[in-house]
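Worksheet: the structure to be examined is printed underneath.
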There are 4 protein chains.
Amino acid sequence: MIAMVEAGRDLLRAAIRRRDPLSADRLLTMSEDLARSPPGFAPALAEQILSGYEAAPETERRAFLSGLAVRLAPDPVRLERAVAGFGRRPDPAALAELHAASEPRRQQLFRNLNLARDGTTRLVRLRTDLGRWRREIDDADTLDADLAHLLSSWFNAGFLRLERIDWSSPASLLRKIIAYEAVHEIGDWDELRRRLEPQDRRCYAFFHSGMPDEPLIFVEVALTTGTPRSIESLLSPVRRVCPPGQAQTAVFYSISNCQDGLRGIPFGSSLIKQVVELLRAELPSLRTFVTLSPMPGLRAWVESRADDPVLGAAARAVLDVDPPPADQLRRLAATYLLTAKSGAGQVLDPVGRFHLGNGACVHDIHPGADPSAKAQRQSFGAMVNYLYDLGALERNRARLDRDGAVAGARRVRAFARRGAL
Amino acid sequence: MIAMVEAGRDLLRAAIRRRDPLSADRLLTMSEDLARSPPGFAPALAEQILSGYEAAPETERRAFLSGLAVRLAPDPVRLERAVAGFGRRPDPAALAELHAASEPRRQQLFRNLNLARDGTTRLVRLRTDLGRWRREIDDADTLDADLAHLLSSWFNAGFLRLERIDWSSPASLLRKIIAYEAVHEIGDWDELRRRLEPQDRRCYAFFHSGMPDEPLIFVEVALTTGTPRSIESLLSPVRRVCPPGQAQTAVFYSISNCQDGLRGIPFGSSLIKQVVELLRAELPSLRTFVTLSPMPGLRAWVESRADDPVLGAAARAVLDVDPPPADQLRRLAATYLLTAKSGAGQVLDPVGRFHLGNGACVHDIHPGADPSAKAQRQSFGAMVNYLYDLGALERNRARLDRDGAVAGARRVRAFARRGAL
Amino acid sequence: MIAMVEAGRDLLRAAIRRRDPLSADRLLTMSEDLARSPPGFAPALAEQILSGYEAAPETERRAFLSGLAVRLAPDPVRLERAVAGFGRRPDPAALAELHAASEPRRQQLFRNLNLARDGTTRLVRLRTDLGRWRREIDDADTLDADLAHLLSSWFNAGFLRLERIDWSSPASLLRKIIAYEAVHEIGDWDELRRRLEPQDRRCYAFFHSGMPDEPLIFVEVALTTGTPRSIESLLSPVRRVCPPGQAQTAVFYSISNCQDGLRGIPFGSSLIKQVVELLRAELPSLRTFVTLSPMPGLRAWVESRADDPVLGAAARAVLDVDPPPADQLRRLAATYLLTAKSGAGQVLDPVGRFHLGNGACVHDIHPGADPSAKAQRQSFGAMVNYLYDLGALERNRARLDRDGAVAGARRVRAFARRGAL
Amino acid sequence: MIAMVEAGRDLLRAAIRRRDPLSADRLLTMSEDLARSPPGFAPALAEQILSGYEAAPETERRAFLSGLAVRLAPDPVRLERAVAGFGRRPDPAALAELHAASEPRRQQLFRNLNLARDGTTRLVRLRTDLGRWRREIDDADTLDADLAHLLSSWFNAGFLRLERIDWSSPASLLRKIIAYEAVHEIGDWDELRRRLEPQDRRCYAFFHSGMPDEPLIFVEVALTTGTPRSIESLLSPVRRVCPPGQAQTAVFYSISNCQDGLRGIPFGSSLIKQVVELLRAELPSLRTFVTLSPMPGLRAWVESRADDPVLGAAARAVLDVDPPPADQLRRLAATYLLTAKSGAGQVLDPVGRFHLGNGACVHDIHPGADPSAKAQRQSFGAMVNYLYDLGALERNRARLDRDGAVAGARRVRAFARRGAL
């Protein structure tokens with residue numbers, strides 16, 4: 001039988017040499033092999049599987065991903081034995097065996113695939129595929145959770161390297177910044193330069209040693225004297241540059257995740273905290289750390305309130321009049337941020353969920369702060385400042401966790417109260 | 001109750017400020033907190049726990065490690081529910097929940113501790129402590145396996161960076177090389193220089209981004225024309241330097257693991273393979289990759305054979321005569337390497353286990369190759385060459401796995417046969 | 001008197017503190033001071049002079065440059081004595097004194113100005129000013145020659161660092177490449193990327209440690225299979241990329257000096273030779289090193305031949321017909337390159353002077369090779385290949401030096417002969 | 001004749017290929033060739049000359065150096081014409097020509113030799129040879145002055161790079177620090193580590209891009225609370241480490257020039273000033289910058305005063321009694337430093353000449369500060385603090401230049417006055 005296996009291997013290698021596309025079935029057989037191989041042992045096989053997957057047509061790639069759920073599940077015999085053993089005698093050893101036996105064998109596959117050239121980057125890309133084809137793949141959620149678990153371990157915040165990105169960064173990297181900017185589009189290299197070169201601008205990104213050329217997430221910062229009330233005041237090409245030594249406020253005006261394959265892996269909180277620490281050390285004159293953020297879910301929520309007995313009138317006014325009345329808009333936005341929750345009890349607005357989950361509070365609301373079509377569509381052009389008050393972060397987050405209470409400045413709470421009238 | 005918790009926290013912080021040593025119980029309470037905290041959220045708490053642990057007296061540190069097994073075990077309620085759920089309906093979701101629920105909460109603790117400054121290095125040091133106190137700690141093996149699992153994931157070979165160490169490396173690093181060298185002691189800086197500076201010498205180490213100043217494992221290489229028969233021929237201060245372009249053989253004459261806290265995490269195989277690839281690319285004249293290795297377990301095994309009906313006479317001759325008769329010593333060493341197994345069926349000699357497990361074969365045996373007292377004590381001064389034949393590694397390893405058959409050169413098998421007579 | 005000087009200094013410092021512009025006269029007085037100061041001693045004074053110069057209005061700056069010739073000339077007393085001494089007894093010591101006494105004191109001024117922050121860059125910029133205002137400044141040529149002498153010593157080819165510029169180079173540097181490209185304009189970042197990122201493109205520049213952020217000169221290289229006959233074949237966005245391992249020809253298609261203040265300092269020859277060495281080592285398949293170059297002086301020369309008894313007919317045909325007849329154009333271009341000389345006996349074409357002076361030969365001529373308006377204007381759209389045959393460079397240069405004989409391929413000499421009929 | 005020259009060249013190349021040693025005459029002929037070659041043109045010839053020189057036996061090397069004076073002197077015809085021209089009409093152009101014509105042709109030779117691999121380092125080594133053989137070489141002083149002139153230009157302080165040397169510096173560099181330390185010998189690597197690793201120790205060196213692996217000069221600094229009174233208080237292995245943030249004094253306790261071939265090129269003043277600037281920026285608590293320096297010439301001077309009517313008694317007491325009476329020793333040392341001058345009017349003590357020339361003042365004198373045999377021999381074990389008071393440096397230096405007046409603290413002047421009684 002060994003001979004047959006080896007004959008099969010020879011055929012396989014010949015196919016690879018001829019660069020025939022490999023079928024999903026072949027790739028899965030190779031993957032079973034690799035999952036059995038000791039750690040660090042088979043970089044060539046890892047390379048073949050990833051190359052084979054990447055060269056395969058889409059149908060085969062989807063079939064491969066579907067097959068992983070079935071063919072690289074835990075060993076059923078070992079699992080059954082571990083469950084039974086734990087049932088008889090739930091001691092630490094039995095528990096450890098239960099945990100080990102219930103680990104899908106694809107975890108070991110993924111760990112071994114990491115040995116291929118640029119393995120980490122390619123595994124992240126494989127999870128991007130998985131996201132795209134989620135509906136067409138069997139047990140996609142399980143597989144996705146497996147990969148997320150592994151990537152969370154690898155991309156532990158302790159391994160992320162904070163780097164400043166500036167106008168002397170490699171052009172190849174800056175091109176990615178242009179492409180990945182998700183909040184306020186960067187039109188061309190001149191606009192990028194205006195966000196990086198002036199001495200009152202900063203940009204920081206997280207990198208990981210396994211993906212050295214790829215930013216994971218980045219934040220753009222403006223140093224100002226006061227809290228900004230509009231995006232134009234930050235991005236205008238003709239604004240006055242603030243000497244960094246005189247800056248009192250650091251404004252986080254854009255945060256973009258770069259890797260779809262790392263969705264759900266939480267970097268953002270660490271990024272902001274580390275940037276705050278770094279800026280405080282560099283510029284002791286800084287007093288306030290604040291965002292200028294969009295409210296992507298505001299319009300949808302306002303629309304859902306159109307028939308609300310309390311808020312309906314305000315909602316209709318804001319929806320019908322252009323520009324919407326600022327007072328009503330402020331009231332609705334404050335109510336939305338402070339009270340609107342998802343079914344799972346989380347803050348409804350996705351950007352708010354991130355900042356409030358970090359312990360920030362709703363600091364101020366600015367109608368007419370962003371004239372872009374996107375902002376009009378999402379939030380009637382309004383924006384919000386979230387305040388990062390280092391002394392209050394932990395308390396705010398604890399209250400949100402415990403009671404679901406969103407922290408808001410007195411002024412914002414007043415907006416909402418008037419909104420509730 | 002919250003107030004009390006907060007009051008407790010204030011006391012705790014005051015204690016930390018005063019630098020009172022923290023009790024194991026305090027550290028465990030803080031650890032439970034940290035294990036609950038979202039990833040990346042609580043670097044300050046991580047720092048406090050690790051600093052507290054490091055400053056605590058040994059009894060408290062041991063109590064803390066013992067306590068981890070009990071107080072950061074899996075949540076029993078969730079675990080029971082998961083086992084029951086999987087029993088009712090063993091679908092992928094139930095399996096995933098079973099795996100998640102059986103994960104000890106200390107895994108999340110360790111992941112979050114990594115956020116402290118130099119977190120990875122300090123966790124590795126914590127595992128060093130665990131090794132030292134293994135006998136005095138409850139459930140030490142479970143805890144050790146947990147840490148090993150996590151560190152295996154973090155120190156995946158795909159994340160290790162191969163670096164050459166030479167005479168222009170930082171003195172602070174070279175001092176560690178002197179300290180960590182485990183095979184052939186480096187007496188002083190001049191001796192180190194002789195192993196690094198000549199153009200026929202190489203040294204390579206693995207590094208990890210989480211422990212940037214610490215080598216994990218390193219190998220020392222000599223470039224020669226033929227296979228070396230003694231360690232003196234490699235280390236003598238008066239040898240002739242071999243121009244690298246004329247070298248036909250690369251000799252791996254010393255491999256040292258540097259971090260006790262990473263014991264059992266397998267780097268060595270990747271290291272040797274990567275060094276072989278790198279040397280082949282740099283020096284196309286190289287034909288042979290071979291070790292010159294000690295046989296640490298030979299004497300103990302020979303002693304155990306003293307009454308063996310077949311090998312007894314040879315064993316006694318080798319044990320009694322000084323220097324031992326070369327022929328008998330070769331026979332015994334060959335038999336030992338090719339056949340001696342541990343209770344678990346593994347190759348008995350620890351160095352042999354490593355190289356043969358990598359797919360190398362026993363290439364030659366040299367009595368009188370190492371005059372040092374240590375070598376006399378371990379192996380009567382004999383050494384062995386293991387050959388890394390790239391075309392045969394996979395086959396050799398497969399046979400060893402499957403049949404327990406150790407690969408040996410014809411000559412070595414002949415030594416052993418004569419030994420069996 | 002000292003007191004007065006010191007009082008003067010205090011006034012001066014006060015003026016600097018108030019950022020009053022300094023007059024040329026003040027700057028010259030300070031410069032006399034600095035020229036007397038021991039080497040390395042007075043960085044602050046150097047900084048004041050350069051800042052003062054840079055902040056001064058143009059008239060004062062010109063007056064300062066004019067004043068340098070007079071006020072920082074050699075010490076006349078010492079010079080007279082040295083000339084007399086050498087006349088009496090022309091021994092090595094007298095000669096050394098003659099050389100030292102005839103050195104303008106501004107040399108020491110310039111050496112001491114180099115201590116200011118970015119001193120070298122600012123001195124180079126000062127020479128840029130000198131070039132611009134050459135006609136309005138007294139003895140500008142002497143001053144220019146002084147600076148050129150000093151800069152030649154500092155920018156000795158042994159101190160230049162060859163660096164590859166690619167798509168991962170800093171954006172701030174790449175922006176300068178776009179700005180400095182003098183031969184084939186780079187329209188935007190996408191075009192730049194097409195010249196840097198494909199694997200069959202190279203760009204190399206010289207840098208100097210005194211101007212770390214400024215390229216001095218750069219060359220763009222295309223790797224191809226054969227000798228290119230048109231610039232479009234190199235720059236077209238849709239061309240086929242040549243795998244570097246298969247390239248047989250390296251084409252130097254653009255060489256640009258970056259610093260006007262370093263005009264006349266000869267880097268180009270070293271640059272090309274070093275790039276040739278580097279490419280040969282990296283890509284052993286390369287056989288041919290050739291340029292594709294403009295002929296900036298061709299049209300003017302053709303116009304001057306319109307009434308030439310021998311060449312007149314061809315010249316008029318080329319001048320009158322559009323597109324010009326290829327055969328006639330080839331003949332005229334070949335004759336121009338092989339025979340046209342300046343009054344000083346140098347090769348007339350400035351680009352040709354550079355390459356032929358390096359020992360290259362005229363390899364081929366291509367009518368219609370460059371459709372740009374500039375090329376039409378300069379050379380009727382024709383381009384020339386200069387061949388760098390390493391075995392012939394020295395011989396070619398020696399013949400050119402000795403006899404004024406320009407090296408040309410047999411084919412090119414044939415073009416010219418036909419042109420002479 | 002050309003053919004003969006070329007035939008000669010072929011012979012020459014054959015000799016180089018056979019690695020026959022080249023005669024001084026051959027080397028001089030090649031050097032004449034190279035001096036004529038355009039800048040940057042002939043790196044291969046430069047390499048041959050330097051390799052030939054380095055491989056030649058000592059007699060030939062000395063003959064080569066002697067020959068440079070004669071065979072690479074200025075062109076006599078051009079020189080005569082330039083002198084005459086300047087005599088007729090001393091205008092700027094004639095002056096420029098006089099300066100150019102009086103430049104020895106070996107200057108161009110040296111500039112072109114710099115193109116060889118490691119050219120700068122090898123030229124510096126050639127000047128080391130010149131220093132060693134000065135007595136045996138014709139016109140050695142002229143040649144030495146030529147090289148010094150060129151190296152002064154190249155090693156302009158504006159091109160020197162200040163780098164901190166610490167325990168993570170390359171071992172190959174640290175080994176040079178051990179070798180080059182000229183003031184307080186570094187016994188072994190442990191002693192070196194004690195001077196580099198503690199947080200209250202600093203070491204800084206100048207480097208030049210043309211000799212990247214060679215320190216030019218370095219200074220060792222101790223951070224302390226008060227001014228040190230003995231070298232033991234700084235170098236003792238058991239001293240208490242001073243937290244840098246609490247340091248009020250930076251002590252320059254050892255300054256060593258590393259390159260004999262750069263003797264006379266003044267780096268030291270720049271080094272100290274730059275280190276002072278850097279430390280002030282890094283550690284705002286620093287108030288005092290002071291040396292603890294030897295007095296190498298004290299004993300010889302005291303011996304010369306033994307019959308002095310005023311100082312004789314004190315001198316004899318100090319010379320005869322062991323340990324010498326502290327008061328007398330202080331008086332003599334203060335008088336020596338404040339008043340003793342060389343024939344040329346310079347400060348007599350060589351270390352004093354350096355620091356006082358930088359504008360420092362004599363701050364205090366400590367008998368018994370250095371128990372080493374060397375210090376006993378040179379200065380009866382006494383040491384001196386020179387104070388770098390940034391506000392007074394310029395004034396002190398100006399007074400020394402103008403009046404020969406050495407700046408001394410009131411206390412030191414009092415010591416000397418008592419000495420004069």
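Note on ring orientation: taking the six-membered ring where Trp is involved, the planes of D:His99 and C:His99 are parallel (angle under 30°, cut-offs 30° and 60°).
Residue D:Leu160 does not touch chain C at all, counting heavy-atom pairs closer than 4.5 Å. Within the 4.5 angstrom heavy-atom criterion, only side-chain atoms of C:Arg397, from C-beta onward, approach chain D. With a threshold of 4.5 angstrom between heavy atoms, D:Arg161 does not approach chain C through any atom at all. C:Asn358 touches chain D through backbone and side chain together, each having a heavy atom under 4.5 Å away.
The candidate from C:Ser102, C:Pro104, C:Gly158, C:Ala116 with the greatest count of non-hydrogen atom pairs under 4.5 Å with chain D is C:Ser102.
D:Asn156 pairs in a side-chain contact (heavy atoms from CB on, under 4.5 Å) with only one of the listed residues (C:Asn114, C:Thr120, C:Asn112), which is C:Asn114.
Here the side chains of C:Pro38 and D:Pro266 are not in contact, with every heavy-atom distance at 4.5 Å or above.
Between the CZ atom in D:Phe41 and the OG atom in C:Ser269 there is a gap of 4.5 Å [rounded to 0.5 Å]. Taking CD from D:Gln274 and CG from C:Leu115, the interatomic distance works out to 8.5 Å, rounded to the nearest 0.5 Å. Rounded to the nearest 0.5 angstrom, C:Gln108 CD and D:Ser152 OG are separated by 8.5 Å. The CH2 atom of D:Trp154 sits 4.5 Å away from the CZ atom of C:Phe159 when rounded to the nearest 0.5 Å. Atoms OG and NE2, on C:Ser153 and D:His149 in that order, are 7.5 Å from each other to the nearest 0.5 Å.
Remark: C:Arg263 CZ is packed, more than 12 non-hydrogen atoms of other residues, nucleotides or ligands lying under 6.0 Å away. Enclosure of atom CD in C:Glu80 is not indicated, since only 12 or fewer non-hydrogen atoms of other residues, nucleotides or ligands lie within 6.0 angstrom.
For residues 85-96 of chain D, the interface with chain C (any heavy-atom pair closer than 4.5 Å) comprises D:Phe86, D:Pro92, D:Leu95, sorted by residue number. Along residues 208-216 of chain D, the residues that come nearer than 4.5 angstrom to chain C, judged on non-hydrogen atoms, are D:His208, D:Ser209, D:Gly210 in order of number.
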